[in-house]
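Below is one structure, written out as structure tokens; the observations come after it.
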2 protein chains.
Amino acid sequence: MLEQGGTTAAVISVGNELLFGETVDSNAAWLGRHLSARGIRVVRGYTVGDVAADIEESLDLAMDAADLVIVTGGLGPTPDDLTKAVVARRFGRELVVDAGVQQRLQSHFRSSGYDDVPRRSRGQAEVPRGARALENPSGTAPGILLEVDDVHVVLLPGVPAELKDIVEGALAEHLNALSGPPTHHRVVHTTGLAETSLAERLEPKLGSVADDLKEGIDLAYLPDLQGVDLRFTVRGGSADDADVRFDRLIAALDEVLGPWRFEADGGDIAEAVSRQLRRRGWRLAVAESCTGGLVAKRLTDLPGASEIFVGGILAYDNAVKVGELDVSSEELERDGAVSEVVARQMSIGVVSRFDVEVGVGVTGVAGPGGGSEEKPVGTVWISTSVHDEARASLHRFSGDREAVRERAAQAALAAVYRRLVGGGEGV
Amino acid sequence: MLEQGGTTAAVISVGNELLFGETVDSNAAWLGRHLSARGIRVVRGYTVGDVAADIEESLDLAMDAADLVIVTGGLGPTPDDLTKAVVARRFGRELVVDAGVQQRLQSHFRSSGYDDVPRRSRGQAEVPRGARALENPSGTAPGILLEVDDVHVVLLPGVPAELKDIVEGALAEHLNALSGPPTHHRVVHTTGLAETSLAERLEPKLGSVADDLKEGIDLAYLPDLQGVDLRFTVRGGSADDADVRFDRLIAALDEVLGPWRFEADGGDIAEAVSRQLRRRGWRLAVAESCTGGLVAKRLTDLPGASEIFVGGILAYDNAVKVGELDVSSEELERDGAVSEVVARQMSIGVVSRFDVEVGVGVTGVAGPGGGSEEKPVGTVWISTSVHDEARASLHRFSGDREAVRERAAQAALAAVYRRLVGGGEGV
């Protein structure tokens, strides 16, 4: 739950391309981050097409819901740009020419080789009477600010760069006046536990920690295929104060989180693995079967991977496991390709073969075919070798082929990370 | 513009992380594209936090605005997941256990080592009375479909992969019933030419073909990192009639499209490569440096990959290129790792090493570091070997590290495809 109080905001995004999904609404997300960081609480988002009645409806709803209403898009010079006219009509303000904007328009078009502002663009100099034009340094459509019944209404162009320039420029001072106590976040990345299992362990622990540790700290679970991010939020106070409080609460939860959490700015465990390898000056090689290169891909997505990753063997075919990784054909025959012994031999094989400190072996049933009663789709053996000491773990992943492969690669990286930081359960 | 009339839809996105901009709402965009393609017109989008009253308000608004209301997010097992309870209360439907969902939940948790469904997750088996559970193959939260006052209300989990699985799976049949006047599409997949270059060649050709061939057929360019899809659209009429017209127009354009197009139901050239290999009973192995497993990952994303893919060598480190792929250290020293000779030796080396018919070698500068005047970031050599005959090509890809790697993997697969189908220019 959010704490109440402080300035609230609603964002209206205008444009058919947003409704039809031709454009992802990155403006709303950027505004959400920007306003939250200022302690302005975004409480609603509306997306409407280039339809006057719909824009007007969302405007009425937003004004009831928030102190600050930001409308993005529909300020251009083409016939489907309706926002300014709708706002002016809704609030009974006629459109009047803003001398400053007109001057900028003229110099803009003259410097682009026009004698004067083209007819189509002349309307861009108009603002609703009593409104303030917000200079747009990188485009021809200015932002517009007007106050109606104590609600601050801001119109911004939909071009992301122009929107940001105006918010961080001409609008900044006004937003300062509206800004409440800042919001502070701390994200703890975890992997290896489903949201349910993590909550099952965390909620009772949270219940048991002293109130002064958790008071005023919100917790949100943000799951995806690769794990669950825990977002802790504090409103108000200084960033330093918030950091101290986050540190104390998270320390109190470490007994539960320790085996599952990892440190990575970007939230990618491949980054955490790379950092641990660099710290030791170690290098890693992979022996992948069912993940077919996905573990290596994750590691080499990161710049500078060559410092910690030498390469590996893609042993998709069993003959390759035997021929390239010295997997015993007898034991492969006996236990099958998806087995502890094969996973172990794969990770040991690639360590000696590539003369590295760390190896990881992955063999499993990604599906949709190849499953059996004993080894259903999603069964994956993962082995990590540090020098010649191998440790293997059995996993049962749910989901389709893609989900199983993504989860297997994530678990393989997590297993390496646990070996490097010396954690236990998480492997 | 979409045609007016027909089914309308509204999308409600639930989650504080969306309002705060920590997550960009890609689900709404994906749904917008999916529904638009079905001729269902999206007319509103609402974003609300994890607040019961706000979810309920958006529900009322959406039901007034559209025939189909899709709510995403808030279906998880944690305390901030409120969607299902709010919907049930709003429509006066008590929550009842769905036997099918409960069964799936039990088998899911048992296969994950639980005796039974954890208390926290038991609620996931409940649906509002009279509602239909929509199977979620990759997660524990099912989708939910209920009809209220002629409005179709659909609840979907916020995890993108799960949402897509449900919409394309359990919900598809229901959406078919709501879909508007038939819109027929034909997509021609191309790779190897940028959108501009493709248009430069295609537009004059289009201008020269007879009007009756192109009349009433819309063409859209859909570019991404992997190539450009050409989407031809005909509205109304029968599917058979549309197919005939598509065939005639595309045949007339083949002179231009031939060297760049490829056949793959899913639009993935890895699928086209796999099909060509299967047709010949051939198998492939990879020798990857800068792509670090991405080419193999693309091929093994497809079910049944083991029939055509045996594995390969990830030769990220130069020592591996020499030691594992018999790349000549003198020539590597002389021309550098990113060179024609090294690429050729990599593809030849992996063919003989893995005893396969086809090998592909990729070596390049993915960046951001490692570039030089002579070999800037984006420089990639790709070689394909069929038996012992290697052909190499030099590429200069633009974009950041991820873009260069994605484009290099795509170009490597395209090069293999051209070798197999005997095309020329596209390599």
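Reminder, nothing fancy here: chain letters follow the sequence lines and each chain counts from 1.
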Query - Per-residue contact mode, B:Leu35 against chain A (heavy atom under 4.5 angstrom) - result: neither
Query raised in the report: Side chain, backbone, both or neither: which part of A:Leu222 has an atom under 4.5 Å from a heavy atom of chain B?
Result: side chain
Query - Toward chain B, the part of A:His34 with a non-hydrogen atom under 4.5 Å - result: neither
Query raised in the report: B:Asp81 versus chain A, heavy atoms under 4.5 Å apart: side chain, backbone, both or neither?
Result: side chain
Report task. Give, as side chain, backbone, both or neither, the part of B:Val310 having an atom under 4.5 angstrom from any heavy atom of chain A. Result -> both
Requested in this report: Sort B:Asp165 into side chain, backbone, both or neither according to what part of it lies under 4.5 angstrom from a heavy atom of chain A.
Outcome: side chain
Report task. Using a strict 4.0 Å threshold on nitrogen-to-oxygen distance, state whether A:Asp301 and B:Arg405 make a salt bridge. Result -> yes
**Report entry** Contacts of B:Ala125 that satisfy side-chain contact (heavy atoms from CB on, under 4.5 Å) - sequence neighbours left out
**Finding:** B:Val97, B:Val101, B:Gln102, B:Leu105
Query raised in the report: Given that the side chain runs from C-beta out, which part of B:Glu402 has a heavy atom under 4.5 Å from chain A: side chain, backbone, both or neither?
Result: neither
Report summary line: The interface call for B:Ala9 against chain A, heavy-atom contacts under 4.5 Å, is neither
Query raised in the report: Checking heavy atoms, do the side chain of B:Pro303, its backbone, both or neither come under 4.5 Å from chain A?
Result: both
**Report entry** Salt bridge present between B:Glu324 and A:Arg353 (N-O < 4.0 angstrom)
**Finding:** yes
Query - Contacts of B:Phe354 that satisfy ring-ring contact (aromatic ring centres under 6.0 Å, His included) - sequence neighbours left out - result: none
Requested in this report: Name the option with the most non-hydrogen atom pairs under 4.5 Å to chain A; the candidates are B:Ile313, B:Val159, B:Thr78.
Outcome: B:Thr78
Query raised in the report: Is the side chain of A:Arg396 donor-acceptor paired with the backbone N or O of B:Ser111 at a distance under 3.5 Å, no angle test?
Result: no
Query raised in the report: Heavy-atom distance under 4.5 Å to chain B: side chain of A:Leu31, backbone, both or neither?
Result: neither
Report task. Could you check which of B:Gln124, B:Arg401, B:His108 has the highest count of heavy-atom pairs closer than 4.5 Å to chain A? Result -> B:Arg401
Query raised in the report: Where does B:Val286 contact chain A at under 4.5 Å (heavy atoms): side chain, backbone, both or neither?
Result: side chain
Query - N/O donor-acceptor pair under 3.5 Å between B:Arg44 side chain and A:Gly49 backbone - result: no
Requested in this report: Would you tell me whether A:Thr47 and B:Tyr46 have side-chain atoms, one donor and one acceptor, within less than 3.5 Å of each other?
Outcome: no
Report summary line: When the 4.5 angstrom heavy-atom criterion is applied to A:Ser306 and chain B, the contacting part is both
